[in-house]
Number of protein chains: 2
Amino acid sequence: MRSLKQIRSFVAVFEEGSFTAAAQREGATQSGISQHIRHLEESLGAELLVRDGRGVIPTAHGERYYGECVAILRRLDLAEAEISRASALGGEVRIGLMPTFTRAVLAPTLDRFIAVAPTVDMRVTEAYSGVLTDLVRKGELDFAVVPGFQGAVGLSTTLLIRDREMLVASKNRLGQHLTPICLKEMDPLKIVVPGPQNTRRRTIETYCASHGVAIERRLQLDAMMGTLDFVASSEWVAILPGVMMVNDLDGARFDIRPLDQPALYSDFVLIEPTRRVLSPAAALFASLLRETTEQTITVRQARMRDA
Amino acid sequence: MRSLKQIRSFVAVFEEGSFTAAAQREGATQSGISQHIRHLEESLGAELLVRDGRGVIPTAHGERYYGECVAILRRLDLAEAEISRASALGGEVRIGLMPTFTRAVLAPTLDRFIAVAPTVDMRVTEAYSGVLTDLVRKGELDFAVVPGFQGAVGLSTTLLIRDREMLVASKNRLGQHLTPICLKEMDPLKIVVPGPQNTRRRTIETYCASHGVAIERRLQLDAMMGTLDFVASSEWVAILPGVMMVNDLDGARFDIRPLDQPALYSDFVLIEPTRRVLSPAAALFASLLRETTEQTITVRQARMRDA
DNA sequence: GACCCTCTATCAGAAAAATTAATATCGGAA
DNA sequence: TTCCGATATTAATTTTTCTGATAGAGGGTC
């Protein structure tokens with residue numbers, strides 16, 4: 001009577017907030033999902049979801065049942081992972097990274113990963129956090145690394161790294177490379193910022209507003225690589241996570257100075273679907289990514305002490 | 001791909017140790033069970049059970065997977081119980097009791113239960129522990145109360161009550177009713193015992209052998225009521241759990257004296273299928289049964305102090 | 001309020017999966 | 001070897017699931 005398909009359908013509808021979206025995610029039709037939910041509700045003898053013409057809202061029963069269902073799916077996934085993938089580093093790993101990570105730490109991580117797990121079919125998607133979050137929830141990525149945030153339905157979150165934010169400008173424009181800098185004491189900034197849909201935008205604006213940083217002009221640029229290129233060849237500056245800039249610590253192209261008074265830190269978290277368990281290969285990649293990132297930060301701190 | 005039917009089939013085969021028995025329990029055919037297991041093994045890419053011509057033996061993978069599966073089924077059952085049965089005292093309750101319990105504590109328990117849960121369809125099966133255990137494992141009983149023992153696959157065990165064993169004889173044959181008695185100091189016993197398939201047989205033999213109790217003659221009688229009747233009208237004695245004898249504390253029919261030096265205690269446990277969760281009604285009955293039994297024991301202890 | 005847009009429910013036919021009964025096969029015991 | 005009790009296999013059948021089309025319900029907009 002009860003089936004796992006019904007449960008998976010319910011979890012998908014709950015997380016996506018919509019039958020239609022759930023159908024897409026599960027590779028099914030809206031009609032099929034609708035019937036699964038109906039049968040589930042009938043056999044439980046209780047409503048789980050209220051259809052409100054504009055999507056669905058779970059009932060109290062639905063909320064509780066969802067929690068159990070996710071836990072059950074996860075446990076099943078874990079049990080099966082133990083048997084079939086049993087420590088074999090194979091299969092495919094699909095991860096999502098923001099440009100922050102693809103710029104500098106991806107390459108060395110990949111080097112190490114491929115050396116250890118040569119047979120894994122590796123796929124990296126570069127996108128901004130909103131897109132990555134959706135892809136992870138849909139199950140199209142094993143995990144993604146995104147800015148720390150306040151949770152999302154169906155995702156589990158683990159802190160991967162905490163990194164310092166840097167003021168970046170072209171060479172010889174900021175003075176003492178790699179030494180702390182207090183923005184409040186500078187001339188008004190001509191600053192490049194990402195669009196409002198980007199989590200970083202709010203972080204930066206909040207920092208500037210609450211610490212009296214003067215801004216002369218603001219330029220909205222939603223391309224990370226473009227931002228760096230533009231900054232390198234102009235008098236504009238940008239605020240970027242330090243982890244992006246590890247290959248430019250020599251000062252050949254950029255002046256890089258950590259924000260100070262107060263320092264600004266950004267969290268990056270690993271998100272994965274709660275209903276699933278990371279494969280050994282994916283878990284390995286995640287730990288290598290963390291290690292590599294931590295090493296680059298350590299290297300930078302050493303350089304900063306020297307400077 | 002994976003389905004709950006497959007998982008339930010696997011759990012049944014594991015617990016019954018046989019495809020054929022599992023098929024019966026699940027109300028399916030042996031062929032269907034066989035296919036479910038095959039699909040499960042194929043999709044996991046691992047053997048779970050070794051067919052050895054004389055039943056099945058789980059592999060190491062099978063053992064681990066079984067544990068997870070039971071936990072998952074139980075959790076699902078719990079989740080659904082919370083929703084559909086939500087504290088409604090209804091449906092049916094099927095329990096199994098040994099004659100030990102049906103003789104004296106069943107009636108008052110039923111009285112109390114029916115007063116509180118008048119709409120429940122109540123079914124009591126009287127049998128010895130082996131039969132009850134099988135019925136519980138097959139899911140045909142919600143729970144049963146049997147002598148404490150060393151676990152069985154697929155069953156969870158909870159101690160219900162610990163009771164003192166009594167020497168029972170017809171009136172005026174044992175001397176001081178309700179006072180402790182040391183068997184070693186008695187003349188050789190003419191004792192009625194149950195057959196070797198009964199758990200009590202071993203308990204009694206062990207006690208007698210290890211505490212120097214002399215036995216003149218032994219009579220094997222596998223009927224509890226018959227035993228009592230025979231004892232009441234002869235010079236034979238029996239060793240019985242105190243809880244059976246609460247209605248005979250007045251000494252009108254029997255002399256009853258607790259074994260002493262050392263006292264002999266018997267545990268009675270509640271067994272239920274691990275994969276399921278007791279319905280609220282069943283749980284209520286279990287707790288009433290325990291309460292009632294404890295009360296009878298308390299009453300007896302008061303009488304014993306007086307004696 | 002009429003209209004439109006988006007979402008879910010329902011239905012019947014098509015496809016897929018589970019189930020069965022019959023039978024083959026295997027392994028151990030006498 | 002032969003038999004017995006068990007599981008595996010197979011093909012036909014039954015049941016369930018899935019789909020595509022369509023109907024209906026609920027908000028937003030003009």
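Keep in mind the model is a prediction, meaning the values are calculated, not measured. Below, chain A is the first sequence line, B the second, and so on; all start at residue 1.
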Would you kindly check whether a donor in the side chain of Thr29(A) faces an acceptor in the base of dG20(D), or vice versa, at under 3.5 angstrom?
no

Between Glu15(A) and the options Arg8(A), Arg137(A), Lys138(A), Arg25(A), the salt bridge (charged side-chain N to carboxylate O under 4.0 Å, His left out) test singles out Arg25(A)

Expressed as a whole number of angstroms, how long is the span from His39(A):NE2 to dC11(C):P?
11 Å

Distance check: side-chain N/O of Ser34(B) vs OP1/OP2 of dA8(D), anything under 4.0 Å?
yes

For the base of dT6(C), is there a side-chain donor-acceptor partner from Gln30(A) under 3.5 Å away?
no

Distance in angstrom units between Ile37(A) CD1 and dA9(C) C1', rounded
13 Å

In whole angstrom, give the distance that lies between atom CG of Leu48(A) and atom P of dT8(C).
15 Å

Side chain of Arg38(A) - closest among dT10(C), dT8(C), dT9(D)
dT10(C)

Is it true that a side-chain atom of Arg94(B) and a backbone atom of Arg123(B) form a donor plus acceptor pair closer than 3.5 Å?
no

All heavy atoms of Arg200(A) vs all of Ser266(A), minimum pair found to be NH1-OG, 4.3 Å

Any donor-acceptor pair under 3.5 Å joining the side chain of Ser31(A) to the base of dT8(C)?
no

Go nucleotide by nucleotide along DNA chain C from the 5' end; which of Arg51(A) and Arg51(B) gets its closest nucleotide reached first?
Arg51(A)

Rounded to whole angstroms, how far apart are CD on Glu26(A) and P on dC18(D)?
11 Å

Spacing of Leu4(A) atom CG relative to dT17(D) atom C1', expressed in whole Å
15 Å

To the nearest angstrom, the CD-P distance between Gln35(A) and dA12(C) comes to 12 Å

Phosphate OP1/OP2 of dA17(C) contacted by His36(B) side-chain N/O (<4.0 Å):
no

Check this one for me: any side-chain N or O of Thr20(B) less than 4.0 Å away from OP1 or OP2 of dT7(D)?
yes

For Ile33(A) and dT10(C), give me the distance from atom CD1 to atom C1', rounded to whole Å.
16 Å

Tell me whether the centres of the aromatic rings in Tyr65(A) and Phe14(A) are closer together than 6.0 Å.
no

For DNA chain C, whose closest nucleotide is more 5', that of Asp52(A) or that of Gly32(B)?
Asp52(A)

Over all heavy atoms of both residues, which pair between Val93(A) and Ile95(A) is shortest? Give the atoms and the distance, please.
CG1-CG2, 3.6 Å

Round to a whole Å and report the spacing from CD of Gln24(B) to P of dA6(D).
10 Å

Return no unless some side-chain N or O of Lys5(B) is found under 4.0 Å from OP1 or OP2 of dT16(D).
no

